[in-house]
Amino acid sequence: MAIKFDLLKNAEKGNGNAKARRGVVKTAHGDIQTPVFMPVGTAATVKALTPEMVDDTGADILLGNTYHLMLRPGADIVEKMGGLHKFMNWNKPILTDSGGFQVMSLAGMRKIKEDGVEFQSHLDGGIKHFLTPEKSIDIQYKLDSNITMAFDECPAMPCTYEYAKESMERSMRWEQQSKDAFVDRDGYGIFGIVQGADFKDLRIESARRLVEIGFDGYAVGGLAVGEPQEVMFDVLSYICDELPEDKPRYLMGVGKPDDIVGAVREGIDMFDCVMPTRSGRTGQAFVGMGTVNINNSCHKEDSSPLDAECDCYCCKNYSRAYLHHLFKAKELLGYTLLSQHNVRYYQRLMATIREKIEAGEFEAWAEEFMTNNTFTHREMSHDKNIKS
């Protein structure tokens, strides 16, 4: 048996578009409560946090990256060490990106060919690595990833219709090869990735072809790459209707809290984003329906916690004044405390979303959240490129 998705509840009917879903994904390393946010652990580590700290935030699953782990320490070494779970001391589920995002993010250091992509290593600029669908799947097998992602091309936007179509067609061929190379086993699965830029006909064609191939889950890729939020929501408004109701849906690399709430409204179940830890390392903290910058001088003598509503280790033990001091002194503890707080914020947000769906109150809550939020910080939301 592959991974299993149990759809527990749909959002209340007769109130909004009612596409939000509550479910659970069952894997060999435990259950994943959805909607879910996955902290990003690109190189087998969530930046500034131990796996135990990530676990304390309530995370059910985290994400690793095929391309970066291929370069170092290498998939063979991870396999020899007992797989990624044992290697990094994380006993819960793991999803691994296939390397497809790097086809976009490392555009100046790669060449796309019909059978794969040749990368020039960003570590030394000399050694070349050729990543094919079969090799990407083999690496993810060696990593012992619970959810393997099919190898695809993530095209940059904006792009021409002609290139989007060429790219989508290539991705469909590669994803069929990925599915053929995947080794079926209990508690493990492979997701296909919908591409097609912001062209509706290409997106729909991609989704239908992936459903025809048959995957354990379906991701929407090629969004959160700089396009306006309304473009992303527009794509989601029609593409989720093309995907099977009994399979999980994953929006890759998203995003800000309001991105997540809006995408859940359209029927998305799974998310990943670097924003909690990247923001944490710069002094930006997520609180309530907005953010605060702990570097600002107004926090210098503030004895209150970062967020009085938060139950994380940081908020229970430290003041804004202390956090301000840590960042001004460039002390690494500040990065850790704010990163853990931010990841916990995202987990609390997802728990609230699940509770509201279960209670039949999600649409009203989401409308208020989307109306009153002040999340104005928009950036590339993947931690899978070389600038992570």
Any donor-acceptor pair under 3.5 Å linking the side-chain atoms of [Y] with those of [X]?
{"X": "D56", "Y": "Q340", "value": "no"}
{"X": "Y322", "Y": "N317", "value": "no"}
{"X": "Q140", "Y": "T96", "value": "yes"}
{"X": "Q176", "Y": "R209", "value": "no"}
{"X": "D152", "Y": "Q195", "value": "yes"}
{"X": "N295", "Y": "Q284", "value": "no"}
{"X": "S167", "Y": "E153", "value": "yes"}
{"X": "Y188", "Y": "D216", "value": "no"}
{"X": "Y250", "Y": "D272", "value": "yes"}

Shortest non-hydrogen separation from [X] to [Y] and the atoms involved:
{"X": "S319", "Y": "S303", "answer": "CB-O, 3.5 Å"}
{"X": "P155", "Y": "Y163", "answer": "CB-CE2, 4.2 Å"}
{"X": "V54", "Y": "P39", "answer": "CG1-CG, 4.1 Å"}
{"X": "H341", "Y": "C314", "answer": "CB-CB, 4.3 Å"}
{"X": "P51", "Y": "W90", "answer": "O-CZ3, 3.6 Å"}
{"X": "F327", "Y": "I294", "answer": "CD1-CG2, 3.5 Å"}

* To do: Start with the C-alpha distance between K165 and E169, add both sets of side-chain angles, then the distance that settles salt bridge (Lys or Arg N to Asp or Glu O under 4.0 Å), and finish with yes or no.
  => CA-CA 6 Å; K165 181 174 177 59; E169 294 282 358; 3.5 Å; yes
Measuring only between side-chain heavy atoms, which start at C-beta, is [X] closer than 4.5 Å to [Y]?
{"X": "V25", "Y": "I61", "answer": "no"}
{"X": "V24", "Y": "I32", "answer": "no"}
{"X": "Y346", "Y": "P257", "answer": "yes"}
{"X": "R185", "Y": "V183", "answer": "yes"}
{"X": "M232", "Y": "E227", "answer": "yes"}
{"X": "D241", "Y": "K19", "answer": "yes"}
{"X": "I137", "Y": "I190", "answer": "yes"}
{"X": "P244", "Y": "V211", "answer": "yes"}

* Start with the C-alpha gap between R173 and E114, add the side-chain angles, then the distance that decides, and say whether salt bridge (Lys or Arg N to Asp or Glu O under 4.0 Å) holds. => CA-CA 9 Å; R173 293 191 292 270; E114 178 53 36; 2.9 Å; yes
* Asked: Just one of R21, K247, R249 clears the side-chain hydrogen bond (donor to acceptor under 3.5 Å, both in side chains) bar with D269, so which one?
  -> R21
Return yes when atom [atom1] of [X] has more than 12 non-hydrogen atoms of other residues, nucleotides or ligands closer than 6.0 Å, and no otherwise.
{"X": "E230", "atom1": "CD", "result": "yes"}
{"X": "E52", "atom1": "CD", "result": "yes"}
{"X": "Y141", "atom1": "OH", "result": "no"}

Is it the case that one hydrophobic cluster holds both [X] and [Y], taking links as side-chain heavy atoms less than 4.5 Å apart, direct or via other members?
{"X": "M370", "Y": "V231", "answer": "no"}
{"X": "M289", "Y": "V287", "answer": "no"}
{"X": "I260", "Y": "M275", "answer": "yes"}

* Checking ring-ring contact (aromatic ring centres under 6.0 Å, His included) for the pair F191/F215: CA distance, chi angles, key distance, verdict? -> CA-CA 5 Å; F191 283 21; F215 288 91; 8.7 Å; no
Would you compute the distance between atom [atom1] of [X] and atom [atom2] of [Y] and round it to the nearest 0.5 angstrom?
{"X": "C159", "Y": "F199", "atom1": "SG", "atom2": "CZ", "answer": "5.5 Å"}
{"X": "I193", "Y": "M168", "atom1": "CD1", "atom2": "CE", "answer": "14.5 Å"}
{"X": "H299", "Y": "S297", "atom1": "NE2", "atom2": "OG", "answer": "8.5 Å"}
{"X": "C240", "Y": "R265", "atom1": "SG", "atom2": "CZ", "answer": "14.0 Å"}
{"X": "H29", "Y": "N146", "atom1": "NE2", "atom2": "CG", "answer": "5.5 Å"}
{"X": "T45", "Y": "M88", "atom1": "OG1", "atom2": "CE", "answer": "6.0 Å"}

Keeping the roles fixed (side chain from [X], backbone from [Y]), state whether a donor-acceptor pair exists under 3.5 Å.
{"X": "R22", "Y": "T34", "answer": "yes"}
{"X": "T66", "Y": "G99", "answer": "no"}
{"X": "H325", "Y": "K300", "answer": "no"}
{"X": "S339", "Y": "T336", "answer": "no"}
{"X": "T371", "Y": "E367", "answer": "yes"}
{"X": "Y345", "Y": "G288", "answer": "yes"}
{"X": "T148", "Y": "F182", "answer": "no"}
{"X": "R203", "Y": "A197", "answer": "yes"}
{"X": "R348", "Y": "V343", "answer": "no"}
{"X": "N65", "Y": "Y67", "answer": "yes"}

* To do: Could you check N89 against T50 for side-chain contact (heavy atoms from CB on, under 4.5 Å), going step by step and ending with a plain yes or no?
  => CA-CA 9 Å; N89 193 31; T50 67; over 6 Å; no
For the pair [X] and [Y], find out whether any cationic side-chain nitrogen is under 4.0 Å from an anionic carboxylate oxygen.
{"X": "K142", "Y": "D144", "value": "no"}
{"X": "R170", "Y": "E166", "value": "yes"}
{"X": "K113", "Y": "D115", "value": "no"}
{"X": "R110", "Y": "E118", "value": "no"}

* To do: Report the C-alpha separation of I94 and L63 in whole Å, then their side-chain angles, then the decisive distance to 0.1 Å, and conclude whether the side-chain contact (heavy atoms from CB on, under 4.5 Å) test is met.
  => CA-CA 6 Å; I94 294 174; L63 181 146; over 6 Å; no
* Determine, step by step, whether D258 and Q229 satisfy the side-chain contact (heavy atoms from CB on, under 4.5 Å) criterion, reporting the C-alpha distance in whole Å, the side-chain angles of both residues, the deciding distance to 0.1 Å, and the verdict. => CA-CA 9 Å; D258 54 318; Q229 187 185 68; 3.0 Å; yes
* Check against side-chain contact (heavy atoms from CB on, under 4.5 Å), I139 and L131 -> CA-CA 10 Å; I139 290 170; L131 195 57; 4.0 Å; yes
* **Distance under 6.0 Å and angle within 45° of ring axis: K128 vs F119** => no
